[in-house]
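What follows is a single structure, written as structure tokens, with notes after it.
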Amino acid sequence: MEYNHQEIEARQRKAWAAQGTYRVTAREDKPKYYVLNMFPYPSGAGLHVGHPLGYIASDIYARYKRLQGYNVLNPMGYDAYGLPAEQYAIQTGQHPAVTTEKNIARYREQLDKIGFSFDWSREVRTCDPQYYHWTQWTFEQMFGSYYCYDAGKAKPIADLVRHLEAQGTAGLHVAESESLDLTAEQWRAMSETEQQQVLMNYRLAYLGETMVNWCPKLGTVLANDEVVDGVSERGGYPVVQKRMKQWCLRVSAYAQRLLDGLDTIDWSDSIKETQRNWIGRSEGTEMQFSVKDSDVKFTIFTTRADTIFGVTFMVLAPESELVATLTTPEQKAAVDAYLEATKKRTERERIADRRVTGVFSGAYAVNPFTGDAIPVWISDYVLSGYGTGAIMAVPAHDSRDYAFAKHFGLPIIPLVEGADVSEQSFDAKEGIVMNSPAAGKQTLDGFTLNGLTIKEAIARTKAFVEAHHMGRVKVNYRLRDAIFSRQRYWGEPFPVYYKDGMPHMIPETCLPLLLPEVSKFLPTESGEPPLGNAECWAWDTKTNKVVSNTLIDHQSVFPLELSTMPGFAGSSAYYLRYMDPHNDAALIGSDAAAYWQSVDLYVGGSEHATGHLIYSRFWDKFLYDLGVSHSDEPFRKLVNQGMIQGRSNFVYRIKDTNTFVSLGLKQQYDTTPIHVDVNIVSGDVLDVEAFRQWRPEYKDAEFILEDGKYVCGWAVEKMSKSMYNVVNPDLIVEKYGADTLRLYEMFLGPISQSKPWDSNGIDGCYRFLKKLWNLYFSGDTFAISDDAPKKESLTTLHKLIKKVTEDIEAFSYNTSVPAFMIAVGELQQQKCVSRAVLEPLAVLLAPFAPHIAEELWHRMGHTDSICDAQWPKCDEQYLVADSVTVGVQFNGKTRFTLDFPADATAQQMQDIALAAEQTAKYTEGFKVVKVIAVPGRIVNIVLKK
RNA sequence: GCGCUUGUGGCGAAAUUGGUAGACGCGCCAGACUUAGGAUCUGGUGUCGCAAGACGUGUAGGUUCGAGUCCUAUCAGGCGCACCA
């Protein structure tokens, strides 16, 4: 009987939808398993064949877990806020909500065809007010919290206020923007506004004046992970540093927990390492230096406290506040000129052009160990945002300091025995310390490091610095707070209004604060964000309602925040919302949170390593502190699927003609390669008629064929419209079926590897399904029998069960597909028609090719869905019986093993062993004295001299 | 520069974890059937060689009776971080 995939798949799709097969509820009688894909941004281009790769992999796992008796949550939704919809709106005037809605419908249509077991009743969209209600709510909780290091968690800001009232800042051990020193009396004497300003220093969501990445072309601020090589990740526009007041999230407060958490989760080493890099923990020392002829002191941060005797100059970041304090009148003009020049350089220029620049401040610092005067310089190679924005420079042992010293002719003092610093610095942290201090030099308390290893020297210096109150041991992190404002329209509005210049949260009970309508999506004339165009964007505190801007002068009406939240706001906690998506009273009910806990398997691209995957972990930890999330890590196991690249095809036009020559003959002509749409190429053979119709200019194209065919060239490139190599899954599904697409995508290679899409191999998978289908038919009739199967068929089946189960557990689906092919080939040869084999076979296949499996399942007489069948168990007795493993020993030690068929005679085994004896060098002089062979047991061939 | 990762036929890739390298699929070759098709089926297909055989997992060493797998060095590609003191 013919395998009609279109009919089968349409029927099963309908049945699953009608029966609600994929609806999931929290059930205490079953263990839960939560599978999640990174939800897609619904772009206008629709899905290409690369998008479903991860969805298929996770769907196989979800279906497998369900067959194993788990209650599996496998939801899907849309990351619907984003820049493309807004830019499209600016160009066309179409409201982003309209295009987004349209794109979502298209995505859904495409996804439905591939047979995913998503529970669509739990769908979320980040732009849905019912959803962003809780994004806004979480922001308000962050505003109302501070991070206490003693408790190791976030706490309500009211606790902090109590502390300030009682003791001021004394004894506070909290995350803060800057270190404040207040007494309780000072705090109590402050006005309401002043107090609010102080609290801003501690809130987890705070309004901060910071240097931000400003992208003039996009008209918005960007987060660090949205800037790549000094240009915006989206669009590639230049980014400049600008001081602006922005909402920020105090992610840095969680740096240590984000780092520690990595040890508890099952993610790939490379992505964990990327996050460790991004967090950038660095243990060092803060040391105080006083300034010569002045009572000013300043602090530097160093990881190489041991190099204190090699400090020959100090460097301040140009943005450092110390610059103004330390610059001497004589140097003021030079310093001002330098600051001016530095300010003009963009981030990109700084990266591209790393020439050494700097200026002397005129001031001298005092080395606290020797009393030596050290010149203080200013240079942009020191960053204001890291450490204290000031360093002690040790040119002998730091390459950047070295370059600076060489450029400005500053002294270089080597501190490590045998280190040659005539050409370059010696940066390695190894060797024996010398010159510390130099011979005959007086030091504080006779302090010396000479003769120690670097490691010992660092430790001794640290201890000395602490003991003498010259500074303290300090841990610094590279991780910065996340800038949370975007000057855009299409994002979550902040639930914030401003009164007397201070931000206030609108009451929780009034959430969600809906995104207003605007007359245009561009910034206003005065340069305000697009929300500045809204006519109704003011908050009336009397009625707790949004009102017209014209009422702002009234006493109770205040302007609302004009920025919106960034993309990662909505994607940071969506996995929690899936657990309880329709809850109007809370982000998530505690029963749902307690049952589903966290995501057991998360599948998505590794490009989110320093963005979404950090923010989400931060967000979850905060919600965990609040008691909302029941797990302090959101994603237990992470699998990164590789990208599917495009496989472009080329035709070769002979120069200045409309004649095209086939690949094999192109050497004989002068040709230009031209991208051709891969959809009119099959097996690298061009459909010449389709090509003539593809574009008007090829209507009269001539072809030089080889063997009657036109063969195209090919190359692996990014899958994109402009390369004409985009393969739409719809076409594959139509031609071969969703089951074939699913199998083939898995067959293509290891899930985490990037690989090119190559339509050429897909026939093999299609043929396999046809063979499988015919296994269940005799001619046109469905024919399976209840007779006992042959033993060899059982062996085939159980081998397959073992292999497929192991493969799914290990996510190596690419080797399961061949296992199926081999098994079906064997069963075909064995003429197996037995239900006892064919029924479990269908179940094994169900995660991979659900439509055909379900169809066969029903034809075998089942009325329930195969999704609720039971995963077969491997019975080892069928595996061992067909072979004997023989260990070859000599001198009592097993040296190697040989496998024999179960029916091999002792004589055959002995012959083989003899052959082994003769061919292997090491058996020289040995003889087989005994072969012990019992089918199903390990036996030995014993060799003796 | 630092960190992670990958190198196996014409192509995508396997290899029970130290034990017959190249399973399976694509492609290619030959044959069968044929209503000539980009269908289906059967057999073959690492390289050199008429053959016996030899050589083969980026390169060079090492450990081992035995290495794609372990160790050392080195080369090449991919990814991440990058003036973070």
Side-chain angles (χ1 to χ4, degrees), chain A residues 228-229 268-282 284-285 300-305 307 314-315 317 350-351 354 356 379-383 385-394 397-401 403-404 427 476-480 606-607 609-610 640 642-643 647 681-685 687 709 714 716 743-744 747-750 752-768 770-771 799 802-803 806 812 814-823 825 879 885 887-888 890 893-899 912 916 919-924 926:
Chain A
V228 179
D229 293 336
S268 73
D269 287 341
S270 69
I271 210 149
K272 281 190 192 181
E273 204 51 38
T274 302
Q275 290 212 342
R276 285 196 191 102
N277 256 327
W278 191 259
I279 295 165
R281 185 182 201 272
S282 157
T285 316
I300 58 95
F301 175 77
T302 180
T303 54
R304 293 293 302 272
T307 58
M314 314 287 288
V315 188
R350 265 170 96 153
I351 291 165
R354 276 200 195 162
V356 178
S379 174
D380 66 359
Y381 85 88
V382 173
L383 308 173
Y386 184 78
T388 60
I391 62 155
M392 62 181 215
V394 186
H397 302 289
D398 182 287
S399 53
R400 297 150 300 181
D401 298 343
F404 194 85
D427 291 16
N476 263 330
Y477 300 91
R478 209 181 64 87
L479 184 72
R480 309 292 162 81
S606 56
E607 67 272 21
T610 54
N640 296 116
M643 290 234 243
R647 188 179 185 278
V681 178
S682 182
D684 284 340
V685 174
D687 179 338
K709 292 183 292 195
W714 61 274
V716 173
L743 277 175
Y744 186 56
F747 181 64
L748 223 43
S752 54
Q753 229 169 68
S754 284
K755 55 230 153 187
W757 174 265
D758 181 354
S759 296
N760 290 340
I762 201 166
D763 291 291
C765 288
Y766 190 53
R767 269 197 282 272
F768 157 70
K770 280 199 273 196
K771 273 187 206 163
K799 248 166 43 191
K802 185 160 189 247
K803 174 76 177 146
E806 283 171 1
S812 47
N814 55 319
T815 56
S816 296
V817 181
F820 274 113
M821 290 174 174
I822 294 166
L879 303 186
T885 303
V888 179
F890 52 129
K893 197 177 157 199
T894 301
R895 288 299 197 172
F896 60 93
T897 59
L898 297 170
D899 283 344
I912 293 168
T919 51
K921 283 182 271 183
Y922 61 89
T923 57
E924 256 180 331
F926 286 86

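In what follows, every heavy atom counts, from backbone to side chain, and hydrogens, waters and symmetry copies are set aside. Sequence lines set the chain letters: A, B, ... in the order given, protein chains first and strands last, and positions in each chain run from 1. Just so it is clear, the structure is predicted and the values come from calculations on it, not from any experiment.
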Secondary-structure stems, RNA chain B, at least 3 Watson-Crick or G-U base pairs under 3.5 Å:
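Stem list for RNA chain B: B:1-7 with B:75-81, B:10-12 with B:24-26, B:27-32 with B:40-45, B:46-48 with B:53-55, B:58-62 with B:70-74.
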Rounded to the nearest angstrom, tell me the gap between atom [atom1] in [X] and atom [atom2] in [N].
{"X": "A:Arg478", "N": "B:G80", "atom1": "CZ", "atom2": "P", "value": "14 Å"}
{"X": "A:Ile822", "N": "B:C24", "atom1": "CD1", "atom2": "C1'", "value": "6 Å"}
{"X": "A:Asn277", "N": "B:C81", "atom1": "CG", "atom2": "P", "value": "8 Å"}
{"X": "A:Phe404", "N": "B:A85", "atom1": "CZ", "atom2": "C1'", "value": "14 Å"}
{"X": "A:Phe301", "N": "B:A85", "atom1": "CZ", "atom2": "P", "value": "7 Å"}
{"X": "A:Asp763", "N": "B:C41", "atom1": "CG", "atom2": "C1'", "value": "16 Å"}
{"X": "A:Trp757", "N": "B:C26", "atom1": "CH2", "atom2": "P", "value": "15 Å"}
{"X": "A:Asn476", "N": "B:A85", "atom1": "CG", "atom2": "P", "value": "8 Å"}

Would you give a per-nucleotide map of nucleotides 4-14 of chain B, 5' to 3', where B means the base has a protein non-hydrogen atom under 4.0 Å away, S means only the sugar-phosphate does, and - means neither?
S-------BSS
What's the base orientation of B:G22: syn (chi within 90° of 0) or anti?
anti
Please classify B:U5 as syn or anti, treating any glycosidic angle within 90° of 0 as syn.
anti
Looking only at atom types and distance, does a side-chain atom of A:Ser812 sit under 3.5 Å from a main-chain N or O of A:Asn814, one as donor and one as acceptor?
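Looks like no, no N/O pair under 3.5 Å.
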Would a distance-only check, ignoring hydrogens and angles, find a side-chain to backbone donor-acceptor pair under 3.5 Å from A:Asp427 to A:Ser399?
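Yes, the answer is positive, given that a donor and an acceptor are paired below the 3.5 Å cut-off.
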Which whole number of Å gives the distance between the [atom1] atom of [N] and that of [M]?
{"N": "B:U72", "M": "B:G9", "atom1": "P", "result": "25 Å"}
{"N": "B:A73", "M": "B:G78", "atom1": "C1'", "result": "22 Å"}
{"N": "B:G56", "M": "B:G46", "atom1": "C1'", "result": "8 Å"}
{"N": "B:C79", "M": "B:A15", "atom1": "P", "result": "26 Å"}
{"N": "B:G44", "M": "B:A54", "atom1": "P", "result": "23 Å"}
{"N": "B:G12", "M": "B:G27", "atom1": "P", "result": "15 Å"}
{"N": "B:U69", "M": "B:G3", "atom1": "C1'", "result": "24 Å"}
{"N": "B:A23", "M": "B:U45", "atom1": "C1'", "result": "15 Å"}

A:Thr307 vs A:Asp398, side chain to side chain contact (heavy atoms under 4.5 Å, CB included): CA-CA, chis, key distance, verdict
CA-CA 10 Å; A:Thr307 58; A:Asp398 182 287; over 6 Å; no
Short side-chain N/O contact to [N] OP1/OP2 from [X], under 4.0 Å:
{"X": "A:Tyr381", "N": "B:A85", "result": "no"}
{"X": "A:Arg276", "N": "B:C81", "result": "no"}
{"X": "A:Thr274", "N": "B:G3", "result": "no"}

Is there a side chain to side chain contact (heavy atoms under 4.5 Å, CB included) between A:Met821 and A:Cys765 once you walk through the steps?
CA-CA 9 Å; A:Met821 290 174 174; A:Cys765 288; 4.2 Å; yes
I'd like to check the salt bridge (charged side-chain N to carboxylate O under 4.0 Å, His left out) partners of A:Arg276; sequence neighbours left out, ordered by chain and number.
A:Asp263, A:Glu273
Contacts of A:Arg478 that satisfy salt bridge (charged side-chain N to carboxylate O under 4.0 Å, His left out) - sequence neighbours left out:
none
Quick one: ring-ring contact (aromatic ring centres under 6.0 Å, His included) partners of A:Phe820, sequence neighbours excluded?
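In terms of ring-ring contact (aromatic ring centres under 6.0 Å, His included), with neighbours along the sequence ignored, A:Phe820 is linked to A:Phe848.
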5'-most by nearest nucleotide on RNA chain B - A:Cys765 or A:Gly389:
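Closest to the 5' end, via its nearest nucleotide, is A:Cys765.
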Could you check A:Asp687 against A:Met821 and say which one's nearest nucleotide on RNA chain B is further toward the 5' end?
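Looking at the nearest nucleotide for each, A:Met821 comes out on the 5' side.
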By side chain to side chain contact (heavy atoms under 4.5 Å, CB included) - contacts of A:Gln275 (at least two apart):
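Applying side chain to side chain contact (heavy atoms under 4.5 Å, CB included) to A:Gln275 gives A:Leu262, A:Trp267, A:Leu613, A:Ile614, A:Arg617.
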Answer with base, sugar-phosphate or nothing: what part of the nucleic acid does [X] contact at a heavy-atom distance below 4.0 Å?
{"X": "A:Arg480", "result": "base"}
{"X": "A:Arg767", "result": "sugar-phosphate"}
{"X": "A:Lys802", "result": "nothing"}

Of all heavy-atom pairs between A:Ile271 and A:Ala609, which one has the smallest distance, and what is that distance?
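Heavy atoms only, the tightest pair is CG1-CB, 3.5 Å.
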Let's see if you can work this out: which of B:C83, B:A82, B:C41 has an atom nearest to the side-chain heavy atoms of A:Trp278?
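Closest nucleotide to the A:Trp278 side chain: B:A82.
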From B:A85, B:C26, B:U40, nucleotide with atom closest to A:Lys770 side chain
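Nearest nucleotide to the side chain: B:U40.
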Sub-4.5 Å side-chain heavy-atom contact between A:Val817 and A:Tyr744
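No - every pair of side-chain heavy atoms lies 4.5 Å or more apart.
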Aromatic ring pairing A:Tyr386/A:Phe301, orientation class (parallel under 30°, perpendicular over 60°, tilted between)
perpendicular
Evaluation steps, side chain to side chain contact (heavy atoms under 4.5 Å, CB included), between A:Ile762 and A:Phe747:
CA-CA 9 Å; A:Ile762 201 166; A:Phe747 181 64; over 6 Å; no
